[in-house]
Asker: 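Structure in structure tokens, see below.
From a predicted model like this one, the values you see are computed outputs, not experimental measurements.
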Amino acid sequence: MKNRTIRFITICLTLLCTTTIFGQESEETGTLTALDSLKALNDSIVNELRSQVQELKLRGIMMQEQLERTGKNAKEDSLRQAARKARVDSLRNVTTGAPLIIDGDTLLVIYARKGGMLPQARVAAAKSKINDVGKRLTMFVDSIYVFDSEVSSDVMVGEDVILSVTDLDALWMGTERLALAEQYRNIISKKVHELHDTYGLQQKLQSIGWVALIIAVMVLLIWGIIWLFRLWKFSITRKLLRTIKSVSIKNYPLLDTHRLGIAIVFVLNLVRLLFIFLVLLIAVPLMFSIFPETKTFTYTVFSFVWNPLTDIFKSIVAYLPKLFKIAVIIFCFHYLLKLIRYFANEIAAGRLKINGFYTDWAMPTYTILRILLHSFMLVMIWPLLPSSDSEIFQGVSVFIGVVVSLGSTSVVGNVMAGLVMTYMRPFHIGDFIRFGDTDGEVIEKSMLVTRIRTRKNEIITIPNSNLLGAQTSNFTSSAHRYGVIVHTKITIGYDEPWKKIEQLLLNAADATDGIKRTPKPFVRITSLDDFYVEYEINGYTERTKSIPVIYSTLHQNILDCFHTAGVEIMSPHIEALRHDLPIQIPQEDLQQKEP
């Protein structure tokens, strides 16, 4: 009965403590919920409360054991121990301990508090002390031992405590306190010796020796590379110049002997620098890898070179299927353009005739189809390009498109005008045309401009948009179909018979080289003014390029014919003021007429 009473009192005390703590936890939780900005403080308070709950539970277990130990039921000790172990195991399953981890190696796990220190603080202090002892620059490590007292068993080195083991720690681990302390001592001692073997003075001296050896080898290798390249550079250059021929593109010496020699020397210097860089790339990380403190820096240095290379290689391998698609697309479009060019050449040469399709349309049409096919090919290839779906790539593409569209307005207008004139066929290369006040022969037609050569051998460049928006005259086309009419006007007084004047003009036209006999030249009386009659002589010619010469010859012949016939070519206004003014005819012509 007494045992039951004691058990009941113990359970009540435990429940009372738990309720009080949970009440405190609820109050704290409510307060912290209102203060969300103090999240870090909330976490520490929650951990503190959990630790207190776990400690009270363990103390309750210990009190119960103490009460049970004073009882008379000694036969039930084994059962009580099993029940205690089961309760501790169930509590361990829901409790996260603080592991002591050094260099990736988990040495032990602490679950219980020691006084006001949380398990995490105990682990941090032990880790700092182990690292401090293990990384000392001494030849030997002080012995690690266990100092046992009534309260705790301390794992010590010299006068310093590394870790204190309490009864709660032993209860958590299901063993005795001193045995647990000895177990921790062995683990810590082994780890301290491992750290000393890695960071100790002896290891530092060996590392310095290895670094000095690596530096010496590195210097020798770099000096040897420089010496060998200086020794062999000119001999290798001479041998390569004897074997490699100069490179030329369409009679242009792209790489003659001098330029080829400079290129070979540049490549050899580049190879020399590459070898020196490889030596440094291997030696420098190797020196850093010798010391444990800088070993991580070795991987950083290697990553600066290795990671980009691996990323590029992986990107290339991943891009190979798209690259194959691009190659297939280019191959198909290349041979499709070859087929179209073959038919264009056949049409341009006149061997293939299509009704309504002129031969001079063949190459412009081929150019248009080539631009369209290349544009369509680019549209198909564009999504397959690397990073084509990235925002930067799309932004640059939009920027280029805007710049091209804004800066090429006049260019596009000239191109469209050139296309329209190509299919309108107003003139061809070699035709003699008139644009405004400019006469000349067409010497070049392109998609943007047309160039003509005037009678004065001046080359004039006219944008196609200007030609399309203005009136042009094609003398060559008219000459081939109808014959171009050359014409000039003279004024003769009413005292001269018009038939005589007409015959004189026809005689002058017949004597002019370049004017056709068929159709015959003809004369038109274009005006009957107050004092004179205006006559116009017209003659056909096919020599459009010689029109200035034909006009000059025609004028000469008119003068000869009229002077020979004694007819003055002048306005009759002069008769009112003539007085003693002689006839305006050369004397030699008058002398020929008198006999």
Asker: Assess the side chains of Asn186 and Ser189: does a donor N or O sit below 3.5 Å from an acceptor N or O?
Answerer: no
Asker: Measure the spacing between CG of Leu163 and CD1 of Ile187 and express it to the nearest 0.5 Å.
Answerer: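 So the CG of Leu163 and the CD1 of Ile187 are separated by 10.5 Å.
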Asker: Quick one, Leu280 and Ile222 - any side-chain contact, counting heavy atoms below 4.5 Å?
Answerer: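 In short, these two side chains touch, coming nearer than 4.5 Å.
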Asker: Please set out all donor-acceptor pairs under 3.5 angstrom arising from side-chain atoms of residues 124-131, sequence neighbours excluded.
Answerer:
{"from": "Lys127", "atom 1": "NZ", "to": "Ile101", "atom 2": "O", "distance (Å)": "3.3"}
{"from": "Lys129", "atom 1": "NZ", "to": "Asp160", "atom 2": "OD2", "distance (Å)": "2.8"}
{"from": "Asn131", "atom 1": "ND2", "to": "Lys127", "atom 2": "O", "distance (Å)": "3.2"}

Asker: List the steps and the verdict of side-chain contact (heavy atoms from CB on, under 4.5 Å) for Ile102 and Leu107.
Answerer: CA-CA 7 Å; Ile102 298 178; Leu107 303 182; 3.9 Å; yes
Asker: Step through the shown structure and confirm whether more than 12 heavy atoms of other residues, nucleotides or ligands are within 6.0 Å of CZ on Phe333.
Answerer: yes
Asker: Can you tell if the side chain of Ile316 reaches within under 4.5 Å of the side chain of Leu323, non-hydrogen atoms only?
Answerer: no
Asker: Tell me whether Glu176 at atom CD has more than 12 heavy atoms from other residues, nucleotides or ligands lying less than 6.0 Å away.
Answerer: no
Asker: Any carboxylate oxygen within less than 4.0 angstrom of a Lys/Arg side-chain nitrogen, looking at Asp169 and Lys114?
Answerer: no
Asker: I need the minimum non-hydrogen distance between Ala283 and Met218, along with the two atoms involved.
Answerer: CB-SD, 3.5 Å
Asker: Nearest 0.5 Å, what's the CD1-CD distance between Ile208 and Gln206?
Answerer: 11.0 Å
Asker: Quick one: closest heavy-atom pair of Ile329 and Met377, and the distance?
Answerer: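 Shortest heavy-atom separation between Ile329 and Met377 comes out as CG2-CG, 3.8 Å.
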Asker: Please examine the side chains of Val192 and Ile144, heavy atoms only from C-beta on, and report whether any two atoms are closer than 4.5 Å.
Answerer: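 A side-chain contact exists here, since the closest heavy-atom pair is under 4.5 Å.
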Asker: What closest approach, in Å, do Leu268 and Phe229 show between heavy atoms, and which atom pair accounts for it?
Answerer: O-CE2, 3.3 Å
Asker: Run the side-chain contact (heavy atoms from CB on, under 4.5 Å) check on Met287 and Ile215 step by step: do they pass?
Answerer: CA-CA 8 Å; Met287 286 189 292; Ile215 292 175; 3.4 Å; yes
Asker: Hey, what do you get for CG (Asn307) to NZ (Lys314), rounding to the nearest 0.5 Å?
Answerer: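 If I round to the nearest 0.5 Å, the distance is 8.5 Å.
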Asker: Is there a donor-acceptor pair closer than 3.5 Å between any side-chain N or O of Arg230 and the backbone N or O of Ile225?
Answerer: no
Asker: Which pair of non-hydrogen atoms, one from Ser153 and one from Arg177, has the smallest distance, and what is that distance?
Answerer: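 Of all heavy-atom pairs spanning Ser153 and Arg177, the closest is OG-NE, 3.2 Å.
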Asker: Do side-chain atoms of Tyr319 reach the backbone of Leu384 as a donor and acceptor pair under 3.5 angstrom?
Answerer: yes
Asker: Side-chain contact, heavy-atom cut-off 4.5 Å: Leu337 with His374?
Answerer: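 Yes. Closest side-chain heavy atoms under 4.5 Å.
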Asker: Please check if atom CZ in Phe147 has more than 12 non-hydrogen atoms from other residues, nucleotides or ligands closer than 6.0 Å.
Answerer: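 No, the 6.0 Å shell around CZ holds no more than 12 heavy atoms from other groups.
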Asker: Which atoms form the tightest heavy-atom contact between Val379 and Pro383, and what is the distance?
Answerer: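 Shortest heavy-atom separation between Val379 and Pro383 comes out as O-CD, 3.2 Å.
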Asker: Would you say that Ile330 contacts Ile381 through its side chain, given a criterion of any heavy-atom pair below 4.5 Å between the two side chains?
Answerer: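 Yes, their side chains come closer than 4.5 Å.
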Asker: State, to 0.1 Å, how close Ala344 and Tyr366 come at their nearest heavy-atom pair, and which atoms those are.
Answerer: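 Looking at all heavy atoms of both residues, the closest pair is CB-CB, 3.8 Å.
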Asker: Distance check, rounded to the nearest 0.5 Å: Ile340 atom CD1 versus Ile368 atom CD1?
Answerer: 12.0 Å
Asker: Nearest 0.5 Å, please: how far is CG in Leu274 from CG in Asn269?
Answerer: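 It is 12.5 Å, given to the nearest 0.5 Å.
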Asker: Might you work through the side-chain contact (heavy atoms from CB on, under 4.5 Å) test for Leu373 and Arg370, ending with a clear yes or no?
Answerer: CA-CA 5 Å; Leu373 287 176; Arg370 184 177 62 181; 5.9 Å; no
Asker: Tell me whether the count of non-hydrogen atoms from other residues, nucleotides or ligands lying under 6.0 Å of CZ in Phe324 goes above 12.
Answerer: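 Not more than 12 within 6.0 Å, no.
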Asker: Would you call Asp154-Arg185 a salt bridge at under 4.0 Å N-O?
Answerer: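 Looking at Asp154 and Arg185, the cut-off is not met.
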Asker: Less than 4.5 Å apart, side chain to side chain, heavy atoms only: is that true for Ile326 and Met380?
Answerer: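 Counting from C-beta outward, Ile326 and Met380 never come under 4.5 Å.
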Asker: Got Lys325 and Val328 here, is their nearest side-chain heavy-atom distance under 4.5 Å?
Answerer: no
Asker: When rounded to the nearest 0.5 angstrom, what is the spacing between CG in Leu221 and CG in Leu278?
Answerer: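 Between atom CG of Leu221 and atom CG of Leu278 there are 11.5 Å.
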